[in-house]
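Contents: one structure, followed by commentary.
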Amino acid sequence: MKVYVPRDAAAKALGAEAVAAAVLREAEARGVTVDLIRNGSRGMVWLEPLVEIESDAGRLAFGPMGAGDVAALFDDPAAHPKALGPTEELDWMKRQTRLTFARVGVTDPLSLEDYEAHGGLAGLRRALDLPAAEIVEEVTASGLRGRGGAGFPTGIKWKTVAEARADRKYIVCNADEGDSGTFADRMLIEGDPFALIEGMAIAGLACGAEKGFVYLRSEYPDAIEVFAAALPIAREAGLLGPSLLGRGPGFDIELRVGAGAYVCGEETSLLNSLEGKRAVVRAKPPLPALEGLFGRPTVVNNVISLATVPYVLAEGAAAYQAHGHQRSRGTMPLQIAGNVKRGGLFEIAFGVTLGEIVNEIGGGTASGRPVKAVQVGGPLGAYFPPALFDTPFGYEDYTALDGLIGHAGIVVFDDSADMLAQARFALEFCAIESCGKCTPCRIGAVRGVETVDRIAAGDSSAVALLEDLCATMKAGSLCALGGFTPYPVLSALRHFPGDFPAAREAAE
Amino acid sequence: MPANASPPEPLAEAVAEICARHAGLEGPLLPILHEVQAAFGHLPEAAVPMIADALNLGRAEVHGVASFYHDFRSAPAGRHVVKLCRAEACQAMGAEALAAQVQGDLGIGWHETSSDGRVTLEPVFCLGLCACGPAAMIDGELVGRADAEGIEAMLGAEAGQ
Ligand SMILES: Cc1cc2nc3c(=O)[nH]c(=O)nc-3n(C[C@H](O)[C@H](O)[C@H](O)COP(=O)(O)O)c2cc1C
Ligand code: FES
């Protein structure tokens, strides 16, 4: 009997370890041999721990499972009270276009055989047959843009590094994933670490780099454990090492763990951190692509950008770019979070509206109360009211509304949310996490908190002051921490004036 | 080591060993700080000059790096460390109220340790459990849909062992 119990951090946080132990205990008591696979998560967090068993009809899902539900799995699975039916037939699964997350939750994350049996390494094999410039061209043609937030075309970045001349170059994977409401990087690394390794190897091949770093945040102990275990397996199999798959140049990856600073997700701050320095932001130019880690040409890409590259190489740019909407090509792993009935990871082509995401896919709020606001794109993203639910998911669409899609975190709030408190928090967070290098961010955030407090106390003159301060932070900050903190603040003020006593008075 | 040298104290010995083991890395400082903290539960002030010497850096520089990051603590934590997520997705699920309740129950605020040395309370900004908030991490173990009773039960269970 083959049983799948996720090792994903969310599944574990909801009791997967106890369920896995119960499976082994029950099997032993009954004298049944089980093959227990600790897979990644299918992304249906509200059903975690989601257990699957293999059957003639494919994999059958059960959830949310507690240890006490395990014994009945061994009796008549079809009659199990937590039976959900075949996993692939679940609405949540059927509606997705899983390109980047095709294997997550399906395979054993640490089995390279499983990885290959599900299409892994096809992209790297093809890349090894191509001249470097054609790899870059393929990535450019796919339309893939950076999934870390800024949306810069991945192929163009690679071209800059590929054409730079230097004794050494680096591929740096940004796995700092600090945005609230996001967990795609975590799930990918925990569920399919070889996809990231393969993507980085292809990047190395394309750009002429032989060394990669993965900068993984310390808040993700499970991802750290899985990735640290995947590296030696990859080396053993020749996927990493002195010659890629025995016929390419060398490439190896080192895992580095962050130390709890949000700003380290900003690429130049991350490079300083890797170098062992205070993680202050660097002024640009020079671009990291030309003078990055230790002054060498460096690709810095998000986990999802890199883990999507194997698909692009294996299936071709056209297959990827066939999905999407306007200049947002391909798919995005949405992370639906906060006060939502069905939260989790949902990969779909760009273009889906915010209302579809929140209401149809997410099922509305968990509390059952009306949706008040949705923050898209992490702590630097804007709050959207339901009036903007027809906005299609795309980089330009959100920019046009003074927002951003960021790393595609979608955080739902019900009508108990106080938007003045959310605006205040955005500034407080910026003050806590500011690297301190530029004044608009360091001082502006502190002044911002004070100004919001004045508004809360009924000082109507403080509203204009807050708007001014935000304009200064936007225009004068060195990076998007100070530069984008105004998005959540001003969107809260603009779309929810009723929550700002002073603004309300001024309007009346 | 010359035979007449006094035996190195445990801290110096451990730090020297950790530094030596990371000597070949590019940019070894952060991994070293992590390891020293893992070994001693905090970054002892006395370790800073040792690391600085081993890496040929200024003491101020090492201190500056260590103090930049939220993870590194200059004093030992309590026997248990409770981290509660304060970020937006957890706020939407009542993280503020949970924090207030836990602070009240433990009688401590953020970054504080209870007077009996039992628990240290820390804020964290996202644990990647944003679809099952509020999220917590108790002594390294992740908890989704956390509540004050469950947290106290985990602390009690472990304290009783
Ligand atoms: C304050 C701040 C935090 C950021 N955090 C992250 C992060 O956690 N992960 C990430 O990939 N990019 C983050 N970014 C964006 C990076 O600076 C950079 O654009 C990205 O890593 C480039 O990779 P991509 O092109 O693949 O998106 C952050 C930016 C800022 C300003
Ligand atoms: S916001 Fe709390 S775990 Fe992500």
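In what follows, every chain begins at residue 1, and chains take the letters A, B, ... in the order their sequences are listed.
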Whatever's closer than 4.5 Å to a heavy atom in chain B on C264(A) counts as side chain
Using a 6.0 Å cut-off, check whether atom NZ of K437(A) has over 12 heavy atoms from anything other than its own residue. yes
*Does any N or O in the side chain of R278(A) come within less than 3.5 Å of the main-chain N or O of G64(B), such that one atom is a donor and the other an acceptor?*
yes
All heavy atoms of A131(B) vs all of G343(A), minimum pair found to be CB-C, 3.8 Å
Looking only at P488(A), C435(A), P221(A), G436(A), the option with the highest number of non-hydrogen pairs under 4.5 Å against chain B is C435(A)
- Ion pair E428(A)/R86(B), N-O distance below 4.0 Å: yes
If one checks every heavy atom of R217(A) against chain B at 4.5 Å, the contacting part turns out to be side chain
Would you call the rings of F425(A) and F125(B) parallel, tilted or perpendicular, taking 30° and 60° as the class edges?
tilted
Counting only heavy atoms not in E45(B) (residues, nucleotides, ligands), do more than 12 fall under 6.0 Å from its CD? no
In this structure, NE2 of H34(B) is separated from CZ of R256(A) (nearest 0.5 Å) by 10.0 Å
Answer key: most heavy-atom pairs under 4.5 Å with chain B among Y170(A), W46(A), Y262(A), F213(A) is Y170(A)
When the 4.5 angstrom heavy-atom criterion is applied to D179(A) and chain B, the contacting part is backbone
Pair count under 4.5 Å, heavy atoms only, with chain B: among G344(A), S367(A), A259(A), highest is A259(A)
Heavy-atom nearest pair, S273(A) first then Y69(B), reads OG-OH, 2.9 Å
**Request:** Can you establish whether the number of heavy atoms outside H42(B) located under 6.0 Å from its atom NE2 is more than 12?
**Result:** yes
With chain A, the option among G27(B), C130(B), C90(B) that has the most non-hydrogen atom pairs under 4.5 Å is C130(B)
Honestly, the part of A421(A) sitting under 4.5 Å from a heavy atom of chain B is neither
Note: vs chain B, highest number of non-hydrogen pairs under 4.5 angstrom among E48(A), E177(A), M187(A), E433(A) is E433(A)
Between E219(A) and K83(B) (salt bridge meaning N to carboxylate O under 4.0 Å), is one present in this structure?
no
Honestly, the part of S416(A) sitting under 4.5 Å from a heavy atom of chain B is neither
With chain A, the option among L30(B), L55(B), V65(B) that has the most non-hydrogen atom pairs under 4.5 Å is V65(B)
Counting heavy-atom pairs under 4.5 angstrom with chain B, the leader among G362(A), G178(A), G258(A), A366(A) is G258(A)
If one checks every heavy atom of Q375(A) against chain B at 4.5 Å, the contacting part turns out to be side chain
Closest heavy-atom pair, G128(B) versus F183(A), reported as atoms and distance to 0.1 Å, is O-CB, 3.4 Å
In short, A92(B) meets V412(A) closest at the heavy-atom pair CB-O, 3.3 Å
### Beyond-backbone contact of K12(A) with E141(B), side-chain heavy atoms, under 4.5 angstrom
no
Review point. Is the CG atom of N56(B) crowded by more than 12 outside heavy atoms at less than 6.0 Å?
Key: no
To the nearest 0.5 Å, atom CD of E17(A) lies from atom CG of L142(B) at 10.5 Å
When the 4.5 angstrom heavy-atom criterion is applied to V280(A) and chain B, the contacting part is both
Side-chain contact test, heavy atoms from C-beta onward, threshold under 4.5 Å: evaluate it for E254(A) versus L25(B) and give yes or no. yes
Honestly, the part of P379(A) sitting under 4.5 Å from a heavy atom of chain B is both
So, the part of A417(A) with a heavy atom under 4.5 Å from chain B: the answer is neither
A261(A) and F68(B) have their tightest heavy-atom pair at CB-CE2, 4.2 Å
Q: Could you tell me whether a side-chain N or O of S180(A) sits under 3.5 Å from a main-chain N or O of A89(B), the two making a donor and an acceptor?
A: yes
In short, E88(B) meets F413(A) closest at the heavy-atom pair O-CZ, 3.6 Å
If one checks every heavy atom of V411(A) against chain B at 4.5 Å, the contacting part turns out to be side chain
When rounded to the nearest 0.5 Å, the distance separating CD of Q91(B) from CG of N339(A) is 12.5 Å
Under 4.5 Å to a heavy atom of chain B? For L293(A) that would be neither
Bottom line for Q335(A): the part with an atom under 4.5 Å from chain B's heavy atoms is neither
Most contact-rich option vs chain A, by heavy-atom pairs under 4.5 angstrom, among V143(B), D71(B), L127(B), V124(B), is D71(B)
